[in-house]
Structure formats: C-alpha cells, structure tokens
Amino acid sequence: MIEAPAEILTVWRQFDSFPMETLTKAWYYQHSGVTKQRSVEQMVAHHSQYGITGNCFDLAIWLLSAFDEAGIKAYPVGSNLKTKQAHAAILAEDQYGRRFLCDLGDQWIQPIMIDFTSEAFDGNKQSGFFPGAEVQVRPSEKGFEIVYFRPNGKRSSQVYMTQPIEREYLLEAAEYSQHHIHPEPLVEVRLQDKGETVHWEFDNWQSFLSTNAGLYPDSPVETLEDWIERIHEKHIMIKNSYLRL
C-alpha cells in the first residue's frame, strides 16, 4: 500500500472527523439569499458554531482551500457536473508530480495514487483506503475508474475525469448542486471501531454500517425525532473515535 506523502496527509487528516451530509444543504437553502454555495469562511464558522460540514462540493472547496494554504498543488476534478448526479473531489500532487485522489465526499480513509506510469503505482486490489471495501484503480477514457469490492462479493465503480476543472466552473457547478434539494437526506460518516475505519450511512430513511466483515443494517425507526437522535449519536461517536487516536 503506497500512502500519500506526509504533507498531503497532514492536510487530509484535518478533515478526518468531517461527515458528508446534505442536511446542511437543505438548511442553508432556507436561510440564505440568492447565492446558495457557502464560502470557506462561512463553512468554518458554521462548523465551529453547529458542528456541521456539508456535501461533496462543500468538502471539495474546503479541502482545496486547505491545500492552497499548505502550499500544495491541487485542483478539482469531478463527474456529471451541473446535473443531479454530480460529484466533486480533489487531486493533490506531491513534490514528484504524482497525483493522489482526495475524496471527502465519498468518505475515503486516505488519498490514493492514480498515476499509472509511476513505479509506485499499485494496480491491484488494495485495502485501507475505503471503509468496508477493497478498491482498485483502473485507467479509463480521459481519466480513471475506481472499482469497489465489497465483502459480500458485490462490485461497484465510479469514474473520475483527470482534466482539471477551472475553479470558477467548480463554483458554478457547486451553486447548481446547492439549488437542487433531494427529498431524501444523506449522511455518511467514518468511525473508528475495533481497529478499523468503518462507514455508517443514512440514506432513503434507512441506515447501515459497512465494515470489512460485511454490511449491518440498523434497526428501523419510525419518527423524525428518532432519526435526529440517531444521527446526533453518530456525530458524537465521530468526535469520540478520532479523539482517541
């Protein structure tokens, strides 16, 4: 397993306890003016006051700003921008120009190298990068594909374009995303449990835990108040699990 260098990981680790969630998107839509995409300064203030983070665009913009501040070359990448299926992430370069995918929106454990021509690149299935799954990086047209291998044998994949997105266009795509509220909220968190990083997800009014041993659905709840309590409980668990590291 080839890890990103320390300078990239130092920035990445600042976001270890940050969930990806669309609840803030819905909240801010109701409390903002014409512009729906928050600035980094607003996100920092909201996180300090309320403990909230945001969706993949929020996290990508925030992470990119942190790389800028650390003097690390980085740029945004994405797929299906300006659609309801849009996704945004960051590619960061080390001192040798090797690129690492940094995707907080999908709650990766750590960045992964995507340079196929590098001697350090590993094209085999790898663990320790994504919670509850092994991953494999494959070349694809105009970019690369991540294949996820789950413990139950299920496979899924996601394609990223490696062409850098102009930052102005990233903000346009982010603004588009923040104007489209999906009726089913989504929350994804990384938790430390029994020596591994696991993935808890709330989606379509169901919740479940993904681990290296398999998928574990939570017991169903019936009221909105119960869901609020469960999500709040997971946020407390995030803080406690990373404080122990």
Side-chain angles (χ1 to χ4, degrees), residues 1-4 12 15-23 53 55-56 59 77-80 84-89 100-114 116 121-141 143-160 182-222 226-227 229-231 233-238 240-242 244-245:
M1 182 174 74
I2 304 298
E3 290 190 349
W12 175 264
F15 297 85
D16 269 346
S17 62
F18 282 40
M20 191 291 300
E21 43 85 6
T22 63
L23 301 173
T53 53
N55 67 358
C56 69
L59 295 173
V77 294
S79 59
N80 301 312
K84 294 181 181 180
Q85 291 75 42
H87 184 69
F100 292 82
L101 171 67
C102 304
D103 191 343
L104 290 170
D106 276 347
Q107 292 289 285
W108 283 67
I109 298 171
Q110 61 177 313
I112 192 168
M113 181 184 287
I114 57 94
F116 310 110
F121 175 77
D122 189 344
N124 299 309
K125 290 193 292 185
Q126 300 183 70
S127 60
F129 288 93
F130 195 86
E134 292 182 303
V135 296
Q136 184 178 30
V137 183
R138 297 176 179 176
S140 70
E141 186 179 0
F144 61 96
E145 178 186 27
I146 302 291
V147 183
Y148 304 88
F149 300 86
R150 309 288 178 176
N152 61 1
K154 181 181 177 181
R155 293 188 186 187
S156 59
S157 65
Q158 182 166 346
V159 174
Y160 297 80
H182 196 279
E184 296 165 352
L186 177 64
V187 179
E188 298 182 36
V189 305
R190 289 166 290 171
L191 299 168
Q192 301 301 313
D193 182 53
K194 299 177 182 178
E196 69 168 297
T197 303
V198 299
H199 181 270
W200 182 83
E201 182 171 341
F202 163 63
D203 184 21
N204 194 21
W205 303 104
Q206 296 179 335
S207 61
F208 50 89
L209 190 69
S210 299
T211 76
N212 291 332
L215 186 70
Y216 297 92
D218 290 332
S219 58
V221 296
E222 296 183 358
D226 289 335
W227 280 119
E229 181 62 30
R230 178 171 290 180
I231 293 169
E233 176 185 291
K234 296 303 178 183
H235 278 67
I236 298 299
M237 290 175 65
I238 295 172
N240 292 339
S241 65
Y242 282 101
R244 290 194 297 267
L245 295 181

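This is a predicted model, so every value here is computed, not measured. The residues of the chain are indexed from 1 along the displayed sequence.
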Which pair of non-hydrogen atoms, one from [X] and one from [Y], has the smallest distance, and what is that distance?
X	Y	result
Cys56	Ala88	SG-N, 3.6 Å
Gln192	Thr197	NE2-OG1, 3.0 Å
Tyr160	Ala89	CE2-CB, 4.1 Å
Pro151	Gly214	CG-N, 3.8 Å
Pro185	Pro183	CD-O, 3.5 Å
Gly123	Gln136	O-NE2, 2.9 Å

I'd like to check [X] versus [Y] (side-chain heavy atoms, cut-off strictly below 4.5 Å). Are they in contact?
X	Y	answer
His87	Asn80	no
Gln110	Glu3	yes
Leu101	Phe144	yes
Val135	Ile112	yes
Asn55	Met20	yes
Val198	Arg190	no

Is it the case that over 12 heavy atoms from other parts of the model lie below 6.0 angstrom from the CD atom of Glu184?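 Above 12, so yes.
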When you look at CD of Glu222, are more than 12 heavy atoms from neighbouring residues, nucleotides or ligands closer to it than 6.0 Å?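 Result for CD/Glu222: open.
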Drop me the distance from [X]'s [atom1] to [Y]'s [atom2], to the nearest 0.5 angstrom.
X	Y	atom1	atom2	value
Ile114	Arg138	CD1	CZ	16.0 Å
Leu191	Ser210	CG	OG	11.0 Å
Asp193	Thr211	CG	OG1	8.0 Å
Ile146	Phe129	CD1	CZ	10.0 Å
Cys102	Phe15	SG	CZ	10.5 Å

Return all side-chain donor-acceptor pairs below 3.5 angstrom for residues 199-208, not counting sequence neighbours, or 'none' if the list is empty.
{"unit_1": "His199", "atom_1": "NE2", "unit_2": "Glu188", "atom_2": "OE1", "d": "2.9"}
{"unit_1": "Trp200", "atom_1": "NE1", "unit_2": "Asp218", "atom_2": "OD2", "d": "2.8"}
{"unit_1": "Ser207", "atom_1": "OG", "unit_2": "Asp218", "atom_2": "OD2", "d": "2.6"}
{"unit_1": "Ser207", "atom_1": "OG", "unit_2": "Arg230", "atom_2": "NH1", "d": "3.0"}

Not counting sequence neighbours, which residues clear side chain to side chain donor-acceptor pair (under 3.5 Å) with [X]? List them please.
X	value
Asp106	none
Asp226	Thr223
Arg150	none
Ser79	none

Would you check if the side chain of Thr53 reaches a backbone N or O of Pro19 as a donor-acceptor pair within less than 3.5 Å? yes
ring-ring contact (aromatic ring centres under 6.0 Å, His included) with Phe100: which residues, sequence neighbours excluded? none
Between Val137 and Met113, is the side chain to side chain contact (heavy atoms under 4.5 Å, CB included) condition met? List the steps. CA-CA 8 Å; Val137 183; Met113 181 184 287; over 6 Å; no
